[in-house]
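Down below is the structure, laid out as structure tokens.
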Amino acid sequence: MDLLNGAVRPIYLKYLGAAFGSACISSIYGLVDLAAVGQYHGPSGTAAMSVVMPVFNIVYSLGLLLGIGGSVLYSAEKGGKGQGKENQLFTAALLGTLLFSLAAWVGISVFETPLLRLFGAEDSLLPLVQNYLQWIELVAPAFLFNQMLAAFLRNDGDPGRATAGVLVGGIFNVFGDFVFVLDMGISGAGLATAMGSVLTLLVLLTHFLSPKNTLRLTPIPRFPAQLGAILTTGFSTFFVDLAMGIVTVLFNRQVLTYLGTDALAVYGVIMNISNFVQCCAYSVGQAAQPILSI
């Protein structure tokens, strides 16, 4: 696939199909988790899933910060001078993702209870949220690397594999029914989500065995400067996604204070539908990004 000289319309439609498919799959298995936990635990389970949502906003936005910021500069460099500097940007983004994922991993693990309290977990919801989050914490870096690698795969001419990774993880999450079959409840939903994320990462990593792969690890002469450029470029995407998490936290707290757990359960369903619409719109822009950048 020649992003620089190929016909724009078929390339864009191919990227749009891959991006839209990824958005739909991610949103659908989020709704499936919500429905399964709600059936098992009742309104308190659905409300607990609403409290968890900002945690995912944090890890996803950090992955997008490095992934979008790095891949935009990667493709711009590839389409311009073409002197091999694009892989310095990939390496810098990879190292940056490693640093940020470790920071997020430690932060969520050490400050788990204060964070969940901030996100709206009252005494009745806190044990449920912690049961779900215990599995997510174990593989938190996988969520960041999935976002980062998916962005680079799209810019390296392999959008189908990025979608396949999400599809494999999503199917496992939907049909890996630890909630009812193993009678694990919300903890089973967290385990299925964590395992699905790891499966997605494994699929994405197969790109490096593909003949179409051009991503390489190379020495970085000015790592702080390159990382700074990546963070600057990806900041707007990061901020938009993080802002959704902040809005969710504010609404969670208000709904719980004035209306209670049952109302938060209703709000959780609305927020998941809202995320689905947002992801669909987001995919339209992301489909154009690799072509525009290069």
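Just so you know, these numbers use all the heavy atoms, side chains as well, and skip hydrogens, waters and symmetry mates.
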**Asked** Do Leu231 and Phe238 touch side chain to side chain, with heavy atoms closer than 4.5 Å?
**Response** no
**Item:** Cluster overlap Val266 with Tyr40, hydrophobic side-chain contacts below 4.5 Å
**Value:** no
**Complete:** Value for CD (Gln286) from OH (Tyr15), rounded to nearest 0.5 Å, stands at 11.5 Å
**Prompt:** Can you tell me how far CH2 of Trp105 sits from CD1 of Ile136, rounded to the nearest 0.5 angstrom?
**Reply:** 13.0 Å
**Prompt:** When you look at CZ of Phe239, are more than 12 heavy atoms from neighbouring residues, nucleotides or ligands closer to it than 6.0 Å?
**Reply:** no
**Request:** Could you check if a side-chain atom of Thr113 sits within less than 4.5 angstrom of a side-chain atom of Arg117, using non-hydrogen atoms only?
**Result:** yes
**Message:** Is it the case that the side chains of Thr237 and Tyr282 hold a donor-acceptor pair, with the cut-off being a distance below 3.5 Å and no angle test?
**Reply:** no
**Side-chain (Asn155) to main-chain (Ala151) donor-acceptor, under 3.5 angstrom** = yes
**Asked** Between CG of Leu144 and CG of Leu64, what distance do you get to the nearest 0.5 Å?
**Response** 9.0 Å
**Asked** Considering residues, nucleotides and ligands other than Phe111, do more than 12 of their heavy atoms fall under 6.0 Å from its CZ?
**Response** no
**Item:** Side-chain touch Phe145/Leu205, heavy atoms, less than 4.5 angstrom
**Value:** no
**Check: Gln226 side chain, Phe223 main-chain N or O, donor-acceptor pair, under 3.5 Å** = no
**Request:** With rounding to the nearest 0.5 Å, note down the distance linking CD1 in Ile246 to CD1 in Ile58.
**Result:** 9.0 Å
**Message:** Strictly distance-based, threshold 3.5 Å: is any side-chain N or O of Asp158 a donor or acceptor partner for the main-chain N or O of Leu153?
**Reply:** no
**Item:** Exercise: identify the closest heavy-atom pair between Ser71 and Gly67
**Value:** OG-O, 2.7 Å
**Prompt:** Near Arg222 CZ, under 6.0 Å, is it more than 12 heavy atoms from other residues, nucleotides or ligands?
**Reply:** no
**Prompt:** Looking at Lys212 and Gly157, what are the two nearest heavy atoms and their distance?
**Reply:** CD-O, 3.9 Å
**Prompt:** Counting N and O atoms only, with roles assigned by atom type, does the side chain of Arg253 sit under 3.5 Å from a partner on the main chain of Leu118, one being a donor and the other an acceptor?
**Reply:** yes
**Prompt:** Taking the side chain as C-beta and beyond, is there a heavy-atom pair between Lys78 and Thr214 under 4.5 Å?
**Reply:** yes
**Asked** Is the Phe143 ring parallel, tilted or perpendicular to the Phe56 ring (thresholds 30°, 60°)?
**Response** perpendicular
**Item:** Main-chain N/O of Ala194 paired with Ser197 side-chain donor or acceptor, under 3.5 Å
**Value:** no
**Main-chain N/O of Leu209 paired to Asn213 side chain as donor or acceptor, under 3.5 Å** = no
**Message:** Please check this pair: side chain of Ser109 against backbone of Val106, looking for a donor-acceptor N/O pair closer than 3.5 Å.
**Reply:** no
**Request:** Nearest 0.5 Å please: distance from the CD1 atom of Ile220 over to the OG1 atom of Thr91.
**Result:** 5.0 Å
**Prompt:** Any side-chain heavy-atom pair from Val284 and Leu16 closer than 4.5 angstrom?
**Reply:** yes
**Prompt:** Counting distance only, does the side-chain N/O of Thr200 pair as donor-acceptor with the main-chain N or O of Gly165 below 3.5 Å?
**Reply:** yes
**Request:** Rounded to the nearest 0.5 Å, what's the gap from CG on Leu256 to OG1 on Thr261? Could you check?
**Result:** 5.5 Å
**Request:** Could you tell me whether the side chain of Ser50 and the main chain of Thr46 form a donor-acceptor pair under 3.5 Å?
**Result:** yes
**Asked** Does some side-chain heavy atom of Met148 sit less than 4.5 Å from a side-chain heavy atom of Ser101?
**Response** no
**Message:** Is it the case that the side chain of Ser75 and the backbone of Val72 share a donor-acceptor pair, with hydrogens and angles ignored and the cut-off at 3.5 Å?
**Reply:** no
